[in-house]
Amino acid sequence: MKTMMKPAGLGALLAGLSALPALAQETTEAATETAAEATEVVAEVVATMDKGDVSWMMISTVLVLFMILPGVALFYGGLVRAKNMLSILMQCTVITALVIVIWVFWGYSMAFGDAPSPYWGGLGKAFLSGVTLESMAATFTAGVVIPEFVFIAFQMTFACITAALIIGAFAERIKFSSLMVFVALWVTIVYFPVAHMVWDSDGLIYGWGALDFAGGTVVHINAGIAGLVGCILIGKRVGYGKDNMTPHSMTLTMVGASILWVGWFGFNAGSNLEANGGAALAMINTFTATAGATLAWVIVEMIHRGKASMLGAASGMVTGLVAVTPAAGFAGPVGAIILGAVASVICYFFVSTVKHRFGYDDSLDVFGIHGVGGIVGALGTAIVDRAAFGGIGYSAASMGEQLYTQFLAVCVTIIWCGVVSAILYKLIDVTMGLRVKEDAEREGLDLASHGERAYSM
Amino acid sequence: MKTMMKPAGLGALLAGLSALPALAQETTEAATETAAEATEVVAEVVATMDKGDVSWMMISTVLVLFMILPGVALFYGGLVRAKNMLSILMQCTVITALVIVIWVFWGYSMAFGDAPSPYWGGLGKAFLSGVTLESMAATFTAGVVIPEFVFIAFQMTFACITAALIIGAFAERIKFSSLMVFVALWVTIVYFPVAHMVWDSDGLIYGWGALDFAGGTVVHINAGIAGLVGCILIGKRVGYGKDNMTPHSMTLTMVGASILWVGWFGFNAGSNLEANGGAALAMINTFTATAGATLAWVIVEMIHRGKASMLGAASGMVTGLVAVTPAAGFAGPVGAIILGAVASVICYFFVSTVKHRFGYDDSLDVFGIHGVGGIVGALGTAIVDRAAFGGIGYSAASMGEQLYTQFLAVCVTIIWCGVVSAILYKLIDVTMGLRVKEDAEREGLDLASHGERAYSM
Amino acid sequence: MKTMMKPAGLGALLAGLSALPALAQETTEAATETAAEATEVVAEVVATMDKGDVSWMMISTVLVLFMILPGVALFYGGLVRAKNMLSILMQCTVITALVIVIWVFWGYSMAFGDAPSPYWGGLGKAFLSGVTLESMAATFTAGVVIPEFVFIAFQMTFACITAALIIGAFAERIKFSSLMVFVALWVTIVYFPVAHMVWDSDGLIYGWGALDFAGGTVVHINAGIAGLVGCILIGKRVGYGKDNMTPHSMTLTMVGASILWVGWFGFNAGSNLEANGGAALAMINTFTATAGATLAWVIVEMIHRGKASMLGAASGMVTGLVAVTPAAGFAGPVGAIILGAVASVICYFFVSTVKHRFGYDDSLDVFGIHGVGGIVGALGTAIVDRAAFGGIGYSAASMGEQLYTQFLAVCVTIIWCGVVSAILYKLIDVTMGLRVKEDAEREGLDLASHGERAYSM
Amino acid sequence: MKLIIATIKPFKLEEVREALTTVGVRGMMVTEVKGFGSQSGHTEIYRGAEYAVNFVPKVKLEIVVPDSLTDQVVSTIAKTAKTDKIGDGKIFVLDVESALRVRTGETNEDAL
Amino acid sequence: MKLIIATIKPFKLEEVREALTTVGVRGMMVTEVKGFGSQSGHTEIYRGAEYAVNFVPKVKLEIVVPDSLTDQVVSTIAKTAKTDKIGDGKIFVLDVESALRVRTGETNEDAL
Amino acid sequence: MKLIIATIKPFKLEEVREALTTVGVRGMMVTEVKGFGSQSGHTEIYRGAEYAVNFVPKVKLEIVVPDSLTDQVVSTIAKTAKTDKIGDGKIFVLDVESALRVRTGETNEDAL
Ligand SMILES: Nc1ncnc2c1ncn2[C@@H]1O[C@H](COP(=O)(O)OP(=O)(O)O)[C@@H](O)[C@H]1O
Ligand SMILES: Nc1ncnc2c1ncn2[C@@H]1O[C@H](COP(=O)(O)OP(=O)(O)O)[C@@H](O)[C@H]1O
Ligand SMILES: Nc1ncnc2c1ncn2[C@@H]1O[C@H](COP(=O)(O)OP(=O)(O)O)[C@@H](O)[C@H]1O
């Protein structure tokens with residue numbers, strides 16, 4: 001989000017100062033008070049919490065969890081062979097649980113703690129120390145705050161989904177325990193710092209004035225790169241290009257994609273932190289960009305292959321959602337349609353043609369869709385934000401400058417994420433091994449790694 | 001909804017007039033202001049946006065999308081044979097994307113634009129021109145507004161689901177591209193005008209004082225009629241009455257029905273446009289009517305067949321939801337139970353007996369449930385609204401008069417929708433053909449039209 | 001919830017007294033008014049409704065329905081054999097419909113009616129008589145109210161899910177019609193009174209000062225005990241311990257578990273009745289406890305079996321949710337993690353070892369997870385609530401005292417529920433029979449009882 | 001007795017079953033199989049990855065009949081399953097040494 | 001060697017398999033089939049549309065055994081699969097000319 | 001003509017099919033079966049309930065070939081399906097009395 005955490009800190013502070021009742025009380029009463037002040041012609045702003053915002057942020061948080069479980073789990077799971085279904089579901093589930101615990105322990109503090117560093121938030125808020133029922137976090141409107149617990153929970157789900165998105169790249173062959181170790185290290189060394197750099201007001205990239213409304217760089221480019229590096233280092237699946245690896249259930253993939261769309265409104269409109277016109281804009285853009293991208297993919301496929309496929313429509317859907325993520329609060333509805341359509345066309349040719357040239361096995365196209373789509377979105381944001389293209393013109397810089405800033409932000413993310421991820425994969429590979437035995441891969445991870453079968457009809 | 005769009009226009013205007021900050025600011029501050037005025041004993045109403053309403057309308061919008069993807073898609077998909085599963089999912093997905101784009105381009109303007117015509121809203125708001133972060137739409141309470149973007153998005157989902165509902169009538173044989181063309185024309189010539197006539201304060205039917213809280217006529221009767229006409233003109237499925245056409249997954253159908261119920265709260269309670277007691281009433285009625293209808297269908301089936309089926313319970317569920325749609329904000333909880341139960345019994349006999357007499361192939365009973373249930377609901381609304389029957393007595397007219405008005409509204413919808421739909425189907429049939437080749441139908445639409453299979457276990 | 005219904009009554013009364021417009025009007029206007037009063041230095045509290053609360057409570061209500069349909073239905077359904085899938089879905093569906101109708105007819109009144117008895121609420125509000133658009137229910141903040149219809153709907157879903165949870169214990173052999181009769185009697189004689197005793201300010205157990213934030217005793221222990229008694233009296237499944245009874249779809253079970261998690265935020269955070277910091281705390285605890293429990297189960301399984309299973313992770317998930325239910329609003333995020341983990345370890349050994357010693361056939365471990373987990377949670381609440389363990393220290397009593405109170409509450413619930421349930425099962429068994437014929441059980445309940453098959457691929 | 005093994009197009013199953021009962025067949029075993037033959041399969045494309053599916057869905061009938069009935073059964077199947085399109089299927093006849101009905105213990109032709 | 005083809009009721013599979021191992025059968029192929037016979041199927045109704053399902057689920061066993069073992073195997077299956085209810089199934093015996101174990105290349109009886 | 005029945009490991013199917021076409025096989029029927037033999041199955045545990053699954057997934061090929069081709073087909077399958085690991089499968093040969101192609105009415109070897 002176009003967030004600023006110092007204000008948050010500030011807000012919390014402010015909150016801390018003012019008397020508890022003042023905080024607990026109803027907006028109406030607050031109003032009374034302010035009204036009273038008003039009569040005394042006092043103008044100072046009192047940090048107030050609006051329950052409408054709290055309600056919206058809580059449901060947004062729930063929606064993002066929904067995106068992961070069962071959203072991503074089904075979207076990915078449907079695309080693998082039946083014998084590996086549970087391994088996908090299991091990885092998404094346990095990653096979510098793991099990252100939640102890490103987030104509470106040190107993640108939140110590293111990303112949004114009080115340390116005034118451009119690279120991380122320090123450990124001051126480790127174990128959420130100091131956060132109480134009364135702690136408030138700032139929003140983008142001066143004087144408007146939300147309970148810090150809501151902000152913590154909302155941000156927590158972002159960390160979870162980013163880690164979960166990665167697994168699609170090396171599906172059907174990764175070693176479960178190794179993956180968990182990788183995730184624990186990756187969120188700590190890659191995700192938390194990048195989140196801080198992009199979203200914290202002290203953050204390096206935030207300082208440059210890069211626009212990333214809901215996490216195009218932090219979530220999608222990050223996941224895409226980690227996935228790409230992973231699938232290259234881990235290597236292709238046994239029988240890749242030889243065995244039939246058709247999705248075992250396009251039905252579930254479509255359900256997963258639909259849930260992703262539904263949940264994404266929490267992701268994008270929730271990133272506005274308030275239930276107002278800004279959130280409404282982010283919401284309608286999350287509709288239109290996705291629609292534009294879906295239609296674009298379907299049309300291109302019809303032209304290119306003669307038939308439009310469900311997997312195509314689902315891929316277009318997700319591509320549109322990825323592309324609009326950084327632009328959701330800045331673009332206009334029509335601009336969003338175009339942004340989605342353009343991203344869709346680019347991703348289509350990437351996953352259906354370019355990728356096969358390189359010949360790496362990004363099983364579920366994490367890079368092809370989240371990486372590529374994320375980059376298109378990050379850059380495109382600089383364009384659709386312009387008033388000239390129907391955007392709200394949030395950026396004060398010239399389009400050229402903004403485009404350059406966006407480009408820099410993308411590069412930093414790619415490099416930092418790429419290098420660190422590579423090191424982590426290697427490290428784990430030599431120590432505990434990244435991949436299951438060939439027999440286990442043949443038998444399927446469900447039985448080999450989890451001792452179960454997904455279906456027994 | 002019992003909406004009135006001029007007020008909306010008005011509200012927007014009002015909003016336009018008042019200073020921007022006044023609009024952006026918090027209700028509390030607004031309060032301060034009003035309070036200040038109060039002291040000056042000034043009574044005029046200032047249009048204020050309550051974030052609680054915004055929060056509710058945004059989540060309601062998301063819930064309606066959820067009804068389509070994956071709701072309707074699964075409810076319908078589970079009922080077809082496995083070889084046609086993806087065609088259903090695909091049609092729901094692409095229709096949604098298509099209608100969203102059309103809505104932004106000219107749909108919203110045609111339905112809710114500023115033109116003072118009883119038949120349509122004109123093209124003044126095409127491409128959402130003039131709609132900004134500050135534009136507000138009125139609600140049913142004077143002075144209470146919500147961001148127009150939220151209203152646009154909410155209404156958009158209604159257009160999408162109406163179009164998606166139609167496909168069940170000619171499932172397993174329709175030609176994909178032709179369907180898309182039909183939908184584009186149908187929403188433009190049938191849906192947008194009917195929505196304007198019923199929901200806009202300038203609308204013809206609205207003017208008569210017809211009650212339609214959440215869209216019984218606009219959504220369900222409309223879809224039911226379009227479906228009926230379609231399946232008759234397109235003809236029966238190959239092997240109809242001969243081959244075994246049992247649902248390939250009653251499990252998915254039940255999941256779809258459940259999601260429909262869950263999402264329908266956005267549809268009905270959201271149509272109240274505010275998060276207050278009125279929405280609460282619409283919500284509880286959406287519970288009780290559905291419960292009554294489900295029980296009724298189950299009991300009738302037990303009496304009539306000796307066994308209660310899951311498809312029966314699911315059908316009852318949807319029937320109850322359809323029937324209560326126009327009455328949600330007017331009936332009392334007990335009245336709603338009865339309305340649902342009555343609709344259920346009528347629809348049961350229609351789909352299980354009457355329909356087979358006529359011998360047309362409405363594959364998934366779009367007319368039998370949405371059409372018939374919608375009509376029962378539209379007429380029943382005049383009754384359950386009466387205080388005597390536990391309703392809120394919204395209608396000032398006598399029950400007889402109101403019943404007659406409802407009847408007229410239903411007739412207009414049926415005639416307009418029926419005639420235009422028939423013409424559109426014919427037109428497309430002669431130009432590009434409505435139906436796939438027999439071989440393709442035998443092989444299944446998934447492979448024939450989309451080049452995929454839904455399951456490969 | 002830590003509810004108090006007299007205040008509700010009071011609130012409603014208050015509401016009744018104050019002028020209608022005052023109630024219908026916007027918070028802002030209310031504020032104006034209070035402001036006005038303020039100037040006259042009048043301090044009295046006016047009951048005000050905040051739309052943010054209404055929005056949150058409405059979506060919470062929807063989320064709890066989502067937990068049942070399709071949540072519990074899929075979680076349970078995936079665990080049975082394909083031939084019994086529909087029976088589970090059907091039982092969940094019809095139970096929900098049935099309990100909704102009963103709730104409106106006499107349930108709400110029995111649980112939350114005005115009668116000043118410690119055991120039930122009387123029949124004064126039967127058929128929701130006296131409840132209007134203007135009726136308000138109190139929250140935990142003096143002067144803050146929500147529409148009574150919302151409170152009624154929210155509580156209604158709790159009654160539904162409790163009854164639905166029971167069926168897992170005797171899945172694959174129960175007679176449909178008998179189950180429905182049992183449920184009707186059980187909610188009336190067991191659930192409504194217990195809900196009154198625990199949640200109503202006049203309630204016996206409430207009077208003792210027992211803590212139960214969202215229904216650990218009322219919902220989970222109640223369901224667990226009813227299930228345990230049921231499966232013992234009904235007897236084992238044909239072929240138990242001999243035939244292969246592997247879950248027919250772990251995929252659906254995982255989806256169901258995920259939906260349970262998603263919906264549980266409505267259950268727990270909704271029980272706060274307001275959208276504020278308290279709800280936020282309940283929300284984050286519902287994340288962390290579940291994460292802790294999931295990880296714990298996975299780790300224990302890895303140590304104990306060498307492999308972590310998806311069913312294990314899903315079981316841990318649900319265990320954590322059950323355990324945190326009574327503690328959600330009292331514990332701190334870290335305390336919640338520990339509570340979840342402990343419950344998980346205990347339940348793991350119970351269902352994987354202890355249970356098999358006793359040799360009863362609790363098909364889906366309703367007692368092993370909801371019963372045992374509920375008890376651990378109820379007792380644990382006394383501990384995690386302490387400030388010393390990061391809790392908010394809601395209880396004024398010493399930890400020992402509180403622990404004892406919790407223990408008493410658990411005992412009363414177990415005894416009352418156990419005895420009455422046993423009588424009801426016996427009664428129905430001798431009159432209409434609890435179990436299907438052996439042949440029907442062999443063929444599967446779907447065909448035998450409902451005349452359908454869940455899948456036909 | 002003979003064992004008649006026939007592969008036919010799935011949508012012909014009901015028709016064939018009915019025809020056979022009329023000529024006196026009182027039982028059979030039906031299995032869904034993947035058929036490979038001159039009838040070509042199809043190609044599926046998932047995000048640019050092409051998979052040629054060389055098998056087409058078929059239904060296999062296994063019917064044990066008294067020698068006397070063999071020819072009639074074969075010709076009945078042939079007649080009913082025929083669509084004159086490639087992939088209509090084959091009928092094979094094998095010799096069966098003995099048959100037994102589990103329930104009654106009846107043997108050979110009495111067991112059919 | 002002989003090929004023994006048996007159709008039995010699904011829930012009898014485990015029992016039969018165990019009984020067979022005790023008499024020395026070391027391998028078999030099991031297929032789920034739809035059985036047609038005197039045991040009647042059932043009718044399903046979906047919104048008034050009735051479908052008569054004439055097939056009942058059965059399990060087919062294919063076991064190749066040395067001639068010496070044939071009778072014992074047949075009687076074992078017959079004994080174990082029997083429930084005296086209609087639909088218990090049939091057992092057919094065919095002659096097998098040769099057998100080969102892929103892994104070792106062993107042939108005929110050594111291959112079983 | 002002969003009916004060749006072979007059970008092989010599922011992932012070997014494509015390879016075997018290709019190899020067979022090169023030696024002139026123009027059709028076959030493929031069925032997924034549960035195999036029981038010396039290759040052991042696996043155990044599944046669900047909340048402490050252990051289920052021993054004694055069957056392993058196999059693919060069964062049924063191919064009718066002219067006598068002349070029999071040996072070559074058998075050896076081709078044996079060669080291609082071989083992994084030297086337990087569970088590679090078996091190949092059985094039975095005699096076929098007659099064959100018929102439904103579409104054309106061609107009989108015996110012409111029908112293959
Ligand atoms: N040699 C064979 N052995 C066993 N089954 C065969 C053989 N050849 C064909 N079949 C079966 O017959 C089906 C139809 O054969 P195919 O050559 O495709 O068409 P046609 O029957 O018109 O010649 C195949 O799908 C396969 O199941
Ligand atoms: N002529 C036959 N050829 C092959 N299989 C048969 C034949 N008759 C019956 N079967 C198989 O045996 C099963 C049981 O036969 P059925 O007549 O139903 O009962 P019963 O075995 O008691 O006579 C059938 O479901 C079918 O699978
Ligand atoms: N006597 C038999 N009759 C029929 N099929 C058999 C027989 N023995 C084994 N099979 C089939 O061959 C497969 C492989 O046999 P198995 O003994 O497991 O390994 P191997 O082929 O290496 O000896 C089994 O899974 C089963 O499908």
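Each chain gets a letter, A, B and so on, in the order the sequences are listed, and its residues count up from 1. Excluded from the calculations below are hydrogen atoms, water molecules and symmetry mates; all remaining heavy atoms, backbone and side chain alike, are included.
Annotation: maximal heavy-atom pairing with chain A below 4.5 Å, among C:Thr294, C:Ile59, C:Leu295, occurs at C:Leu295. Residue with the most contacts toward chain C among A:Leu86, A:Leu89, A:Leu128: A:Leu89 (heavy-atom pairs, distance under 4.5 Å). For the set A:Ser249, A:Pro147, A:Ser55, A:Ser177, the entry with the most heavy-atom pairs within less than 4.5 Å of chain C is A:Ser55. The choice from C:Thr251, C:Leu281, C:Thr290, C:Thr288 that makes the most heavy-atom pairs within less than 4.5 Å of chain A is C:Thr251. Per-residue counts of heavy-atom pairs under 4.5 Å with chain A were compared for C:Met302, C:Met57, C:Met317, C:His248; the largest is that of C:His248.
Residue A:Pro70 touches chain C through both its backbone and its side chain, counting heavy-atom pairs closer than 4.5 Å. For chain C, the nearby part of A:Ala448 is the backbone; its heavy atoms alone come within less than 4.5 Å. Heavy-atom distances place the side chain of A:Leu74, and not its backbone, under 4.5 Å from chain C. Neither the backbone nor the side chain of A:Ile95 comes within contact range of chain C; no heavy atoms are under 4.5 Å apart. Residue contact with chain C, scored on non-hydrogen atoms closer than 4.5 Å, involves the side chain of A:Leu252 exclusively. When heavy atoms are compared at a cutoff of 4.5 Å, C:Phe265 approaches chain A solely by way of its side chain, counted from C-beta outward. Both the backbone and the side chain of A:Val150 come within less than 4.5 Å of a heavy atom in chain C. If you measure heavy-atom distances from C:Ala279 to chain A, the contacts under 4.5 Å come from both the backbone and the side chain. C:Met85 does not touch chain A: none of its heavy atoms, backbone or side chain, sits under 4.5 Å away. C:Leu311 touches chain A through backbone and side chain together, each having a heavy atom under 4.5 Å away. For C:Val298, the part lying under 4.5 angstrom from a heavy atom of chain A is the side chain only. With a 4.5 angstrom heavy-atom cutoff, C:Ala280 touches chain A via backbone and side-chain atoms both. For a residue to count as touching a neighbouring chain, one of its non-hydrogen atoms must lie under 4.5 Å from one of that chain's; by this rule C:Met310 touches chain A with backbone and side chain alike. For A:Met180, no part lies near chain C; criterion is any non-hydrogen pair under 4.5 Å.
Of residues 449-457 of chain A, those residues with a non-hydrogen atom less than 4.5 Å from any non-hydrogen atom of chain C are, in numerical order, A:Ser449, A:His450, A:Gly451, A:Glu452, A:Arg453, A:Ala454, A:Tyr455, A:Ser456, A:Met457.
In this structure, the side chains of C:Met283 and A:Val62 come closer than 4.5 Å at one or more pairs of heavy atoms. The shortest distance between side-chain heavy atoms of A:Thr96 and C:Trp261 falls below 4.5 Å.
When all heavy atoms of C:Ala275 and A:Lys51 are compared, the closest pair comes out as O-CG, 3.2 Å. Pairing each heavy atom of A:Leu133 with each of C:Gly277, the nearest pair is CD2-O, 3.3 Å. Taking each heavy atom of C:Ile284 and A:Ala153 in turn, the nearest pair found is CD1-N, 4.2 Å.
A:Met58 CE to C:Asn272 CG: the interatomic distance, rounded to the nearest 0.5 Å, is 7.5 Å.
Residue pairs meeting the side chain to side chain donor-acceptor pair (under 3.5 Å) criterion with at least one partner in residues 304-313 of chain C, sequence neighbours excluded, are C:Glu301-C:Ser309, C:His304-C:Tyr348. The salt bridge (Lys or Arg N to Asp or Glu O under 4.0 Å) contacts involving residues 70-90 of chain A comprise A:Arg81-A:Glu172, where partners must be two or more places apart or lie in separate chains.
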- Query: Checking side-chain contact (heavy atoms from CB on, under 4.5 Å) for the pair A:Thr157/C:Phe287: CA distance, chi angles, key distance, verdict?
  - Reply: CA-CA 10 Å; A:Thr157 57; C:Phe287 272 106; 3.8 Å; yes
Output side-chain donor-acceptor pairs under 3.5 Å for residues 329-338 of chain C, partner residues at least two apart or in another chain, one line each.
none

